[in-house]
Amino acid sequence: MKTEIYLFNSLTRQKEKFFPVAEGRVGIYVCGPTVYNHSHIGHGKSYVSFDAIVRFFRFVGYKVLYVQNITDVGHLTDNADQGDDKIEKEAKRDKINPMEIVETFMRSYFEDMDRLGVIRPDISPRATGHIVEQIELTKKLIKRGYAYEAGGNVYFNVSKFPEYGRLSGKRVEDLVAGARIDVRSDKKNPADFALWKKAEAGHIMRWPSPWGDGFPGWHLECSTMSMKYLGESFDIHGGGLDNQFPHHECEIAQSEAATGRPFVKYWLHNNMVTVNGTKMSKSLGNFVTLKDAFKKFDPITVRFFVLQSHYRSPLDYSDDAVEGAGKGLDRLKNVMRELLDLAGDKRGEVDFASLPEEPINLRRYYNEWLAAMADDFNTPGAIAAIFEMLKDINTSIGSGNAMTSEFAALTYSFIDVLAGDVLGILPTDDNRSAGKSIESDLVNLFIGLRSDARKGRDFKLADSIRSELQSMGVILEDKKDGTTTFKIVR
RNA sequence: GGCGACGUACCCAAGUGGUAAGGGAGAGGUCUGCAAAACCUUUAUGCGGCGGUUCGAAUCCGCCCGUCGCCUCCA
């Protein structure tokens with residue numbers, strides 16, 4: 001029997017119990033980036049959030065198929081009808097092929113996500129690789145009477161789809177009333193949106209179609225690719241709140257009009273990132289790329305910072321806030337190192353069905369963690385449960401009646417699953433196996449020299465060794481039993 | 001103008017009817033040659049303001065103030 005998961009469905013604006021379309025499986029599609037620039041901290045929040053959600057579904061036993069697109073064509077800088085393709089704009093400026101821009105920033109994106117500990121999606125389909133399918137979907141919509149061609153453009157006729165506006169809570173009348181005057185006259189209704197766009201002379205990224213050379217409209221790729229890999233009706237569609245309208249609204253219209261079936265069961269939207277209280281924008285100069293952030297902070301610290309707030313809450317990025325998160329995370333790492341020392345060579349197998357309650361009540365902390373995660377992926381709550389446990393563990397270790405190596409090993413593995421495997425906030429293998437390297441032998445050599453100096457009460461020399469090591473990023477810690485351990489920071 | 005969120009201590013942030021999680025920072029203490037780490041104590045009679053419903057509200061309702069987002073490309 002699986003854990004019951006509740007999630008906030010944007011479509012109904014309330015928390016709902018999760019029932020998969022197919023027993024034991026979860027199909028999830030998340031809107032990916034348009035690769036024309038380096039990813040910023042907002043992408044970080046979005047994809048870290050969904051990464052944690054996917055990891056949690058897998059943890060409770062679902063077989064997850066996670067699809068996230070790469071948009072490598074089609075978005076315009078201005079509005080739906082004017083302006084340049086963002087990718088082409090960059091390409092023209094640098095006088096290179098648009099696909100070079102795409103490759104450069106797609107690699108940059110995956111590199112940043114890897115560093116954030118984001119597990120790669122199972123499928124990362126690209127829009128340009130699915131032009132044929134997009135044309136097919138457009139043809140189908142025309143055939144079914146939901147779309148019309150006008151001068152090489154194809155538009156979706158919003159008036160044919162009464163449900164339009166349900167997701168975003170908008171009404172077509174309001175949209176039309178408040179809309180800017182549409183300069184183009186070939187639309188039947190200003191709210192209609194493009195499925196296929198005619199390529200003007202000089203437009204580089206173009207494909208032949210029944211309506212002449214052109215390129216797909218903005219929303220079409222997500223409908224096409226999500227249904228291709230997940231089926232016409234699937235479980236979860238995620239994305240940033242800023243995409244709720246018009247993007248997701250249009251996806252629903254296109255998809256349901258084409259298939260006559262419900263498109264997505266649960267819509268999940270993550271909230272936005274602000275920097276020092278205001279939205280990121282290039283004009284304000286407060287645009288923080290992930291690569292910028294990683295210069296100041298460990299990527300896992302950035303991840304931890306993101307997960308310390310709820311995915312549906314806005315997140316305000318500031319150096320102070322991330323720094324504070326990093327110090328908190330150090331506590332977790334310290335405890336893990338202590339447990340590893342106590343565990344020695346032993347490794348614990350975690351049986352979540354029968355967790356011990358003594359000397360540390362692992363069962364209780366697990367239940368708290370699980371309840372938080374199952375309640376709309378409340379990662380801050382889950383982290384709080386882990387930190388309560390840390391205090392408990394520290395007290396136990398410090399009390400003298402040290403826990404057995406078996407229990408330390410079990411506890412280590414236990415935290416490794418909750419914080420490491422699911423939340424992804426523990427450093428991965430390389431950092432944790434300090435092991436027997438020439439580096440650690442050398443540090444131990446200095447520890448020995450310092451120990452001799454201390455025995456001779458030459459504290460000046462002892463402190464000098466310690467501070468020299470510290471300046472190299474090696475922190476020494478004298479234990480009660482007279483031994484000295486070290487940790488390497490940064 | 002329309003739609004929608006949010007406002008919890010010095011900072012970050014959970015909590016959606018039963019009497020304020022967690023992290024950072026600060027203060028005092030234990031331990032230590034000194035540090036570091038850790039632990040203990042402490043820091044919101046109050047959750048933007050004013051009313052209302054209730055035995056009881058941060059949590060529900062109304063009004064006001066403030067911030068943010070969407071309505072146009074955006075995670």
Side-chain angles (χ1 to χ4, degrees), chain A residues 13 15 30-34 36-37 39-50 71 74-86 165 168-171 173-175 177-180 218 238-247 269-274 277-282 304-305 308-310 312-316 318 320-332 334-335 337-338 368 372 375 378-388 390-391 393-399 454 457 459-460 462-463 466-467 470 475-480 484-487:
Chain A
R13 291 173 186 74
K15 274 185 199 170
V30 173
C31 286
T34 304
Y36 69 103
N37 214 327
S39 303
H40 53 67
I41 203 78
H43 295 106
K45 173 174 165 70
S46 187
Y47 300 123
V48 163
S49 297
F50 285 107
T71 296
H75 288 199
L76 304 179
T77 51
D78 197 326
N79 61 43
D81 295 314
Q82 293 176 317
D84 298 319
D85 181 305
K86 281 188 279 198
S168 54
K170 296 184 188 304
R171 291 178 309 178
E173 309 86 79
D174 295 339
L175 293 171
R180 288 135 216 236
W218 171 32
L241 200 52
D242 52 348
N243 271 337
Q244 189 174 40
F245 186 90
H247 187 53
H269 289 99
N270 65 274
N271 217 312
M272 315 306 286
V273 174
T274 54
T278 51
K279 190 191 175 178
M280 273 190 286
S281 80
K282 282 181 178 167
F304 180 68
F305 170 69
Q308 254 193 323
S309 81
H310 190 87
R312 283 194 290 114
S313 299
L315 179 66
D316 189 43
S318 68
D320 284 352
V322 183
E323 208 172 299
K327 285 179 183 171
L329 186 57
D330 284 342
R331 285 175 52 119
L332 175 60
N334 281 334
V335 168
R337 202 169 39 242
E338 298 259 11
E368 288 180 5
D375 180 15
N378 188 344
T379 54
I383 289 170
I386 290 171
F387 274 87
E388 279 186 71
L390 295 187
K391 180 171 275 190
I393 293 168
N394 274 324
T395 305
S396 176
I397 291 176
S399 71
R454 291 175 74 205
R457 306 199 64 79
F459 296 121
K460 196 179 169 187
D463 291 350
R466 183 171 62 198
S467 69
Q470 184 167 13
I475 310 290
L476 300 188
E477 293 175 6
D478 296 332
K479 300 293 178 184
K480 276 183 184 163
T484 298
T485 61
F486 71 93
K487 64 179 174 183

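No hydrogens, no waters, no symmetry mates; every other heavy atom, side chains included, goes into these values. We name chains A, B, ... by the order of the sequence lines, and we start the count at 1 in each one.
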Collect all protein-nucleotide pairs involving nucleotides 9-14 of chain B in which both atoms are nitrogen or oxygen and the distance is under 3.5 Å.
{"unit_1": "B:A14", "atom_1": "OP1", "unit_2": "A:His310", "atom_2": "N", "d": "2.7"}
{"unit_1": "B:A14", "atom_1": "OP1", "unit_2": "A:Ser313", "atom_2": "OG", "d": "3.1"}
{"unit_1": "B:A14", "atom_1": "O3'", "unit_2": "A:Asn378", "atom_2": "ND2", "d": "3.0"}

Exercise. From B:C71, B:A5, B:A21, pick the nucleotide closest to the side chain of A:Pro246?
Worked result: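 Among B:C71, B:A5, B:A21, the one nearest the side chain of A:Pro246 is B:C71.
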
- Look at the side chain of A:His43 and decide which nucleotide, out of B:A21, B:C3, B:A75, has an atom nearest to it.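 Within the option list, the nearest is B:A75.
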
At their closest point, which heavy atom of A:Glu368 faces which heavy atom of A:Ala385, and how far apart are they?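 Heavy atoms of A:Glu368 and A:Ala385 come nearest at CB-CB, 3.8 Å.
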
- Item | Donor-acceptor pair (no angle test) under 3.5 Å: A:Arg454 side chain, B:G33 base | yes

Reckon [X] touches a base, only the sugar-phosphate, or nothing at all at heavy-atom distances under 4.0 Å?
{"X": "A:Phe387", "result": "sugar-phosphate"}
{"X": "A:Gly239", "result": "sugar-phosphate"}
{"X": "A:Tyr47", "result": "sugar-phosphate"}
{"X": "A:Leu329", "result": "nothing"}
{"X": "A:Gly32", "result": "sugar-phosphate"}
{"X": "A:Val30", "result": "nothing"}

Whole angstrom is fine here: how far is it from [atom1] in [X] over to [atom2] in [N]?
{"X": "A:Asp375", "N": "B:G15", "atom1": "CG", "atom2": "C1'", "answer": "10 Å"}
{"X": "A:Met272", "N": "B:G4", "atom1": "CE", "atom2": "P", "answer": "19 Å"}
{"X": "A:Phe245", "N": "B:G69", "atom1": "CZ", "atom2": "P", "answer": "18 Å"}
{"X": "A:Ile397", "N": "B:C31", "atom1": "CD1", "atom2": "C1'", "answer": "16 Å"}
{"X": "A:Gln244", "N": "B:U72", "atom1": "CD", "atom2": "C1'", "answer": "16 Å"}
{"X": "A:Ile386", "N": "B:G23", "atom1": "CD1", "atom2": "C1'", "answer": "13 Å"}
{"X": "A:Arg337", "N": "B:A37", "atom1": "CZ", "atom2": "C1'", "answer": "9 Å"}

message = side chain to side chain contact (heavy atoms under 4.5 Å, CB included), that's the test. Do A:Phe304 and A:Val322 meet it? Break it down for me.
response = CA-CA 9 Å; A:Phe304 180 68; A:Val322 183; over 6 Å; no

Nearest 0.5 Å, what's the [atom1]-[atom2] distance between [X] and [Y]?
{"X": "A:Glu477", "Y": "A:Phe486", "atom1": "CD", "atom2": "CZ", "value": "11.0 Å"}
{"X": "A:Ser168", "Y": "A:Asn243", "atom1": "OG", "atom2": "CG", "value": "12.0 Å"}
{"X": "A:His310", "Y": "A:Ser49", "atom1": "NE2", "atom2": "OG", "value": "8.5 Å"}

5' priority, RNA chain B, between A:Gly324 and A:Asp478 [closest heavy atom]: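 The answer here is A:Gly324.
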
Query raised in the report: Relative to the 5' end of RNA chain B, which residue comes earlier, A:Leu476 or A:Glu323, by the nucleotide with the nearest heavy atom?
Result: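 Whichever sits nearer the 5' end wins; that is A:Glu323.
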
**Report entry** A:Lys327 with A:Asp330: basic N within carboxylate O range, under 4.0 Å
**Finding:**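 Result for this pair is no, no salt bridge flagged.
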
Watson-Crick or G-U wobble partner for [N], using a 3.5 Å limit on both distances?
{"N": "B:C39", "result": "B:G29"}
{"N": "B:G4", "result": "B:C68"}
{"N": "B:A21", "result": "none"}
{"N": "B:C50", "result": "B:G62"}

Sequence neighbours excluded, the answer for side-chain hydrogen bond (donor to acceptor under 3.5 Å, both in side chains) partners of A:Lys15 is A:Asp375

Self-check item: Chi angles and distances behind the side-chain hydrogen bond (donor to acceptor under 3.5 Å, both in side chains) call for A:Thr484, A:Asp478
Solution: CA-CA 4 Å; A:Thr484 298; A:Asp478 296 332; 2.8 Å; yes

Looking at A:Lys327, I'd like to know whether one of its side-chain N or O atoms comes within less than 4.0 Å of OP1 or OP2 on B:A25.
yes

Find every protein N or O atom lying less than 3.5 Å from an N or O atom of nucleotides 38-44 of chain B, and list the pairs.
{"unit_1": "B:A38", "atom_1": "O3'", "unit_2": "A:Asn394", "atom_2": "ND2", "d": "3.0"}
{"unit_1": "B:C39", "atom_1": "OP1", "unit_2": "A:Asn394", "atom_2": "ND2", "d": "3.1"}

Suppose you measure atom [atom1] in [N] against the same atom in [M]; what distance do you get, rounded to whole Å?
{"N": "B:G49", "M": "B:A13", "atom1": "C1'", "value": "23 Å"}
{"N": "B:A58", "M": "B:U67", "atom1": "P", "value": "26 Å"}
{"N": "B:A5", "M": "B:C40", "atom1": "C1'", "value": "41 Å"}
{"N": "B:A36", "M": "B:C68", "atom1": "C1'", "value": "42 Å"}
{"N": "B:C11", "M": "B:U16", "atom1": "C1'", "value": "25 Å"}
{"N": "B:U59", "M": "B:G51", "atom1": "P", "value": "14 Å"}
{"N": "B:G2", "M": "B:G17", "atom1": "C1'", "value": "33 Å"}
{"N": "B:U43", "M": "B:G22", "atom1": "P", "value": "13 Å"}

Do the rings of A:His40 and A:His43 sit parallel, tilted or perpendicular, given the 30° and 60° boundaries?
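It falls in the tilted class, 30° to 60°.
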
Q. Any luck finding a side-chain donor-acceptor pair between A:Asn334 and A:Arg337 under 3.5 Å?
A.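 Judged by distance alone, the side chains do pair up.
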
* Asked: Side chains of A:Thr274 and A:Asp316: is there a donor and an acceptor less than 3.5 Å apart?
  ->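 There is such a pair between these side chains.
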
NZ (A:Lys479) with more than 12 external heavy atoms under 6.0 Å |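 Buried by this count: over 12 neighbours within 6.0 Å.
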
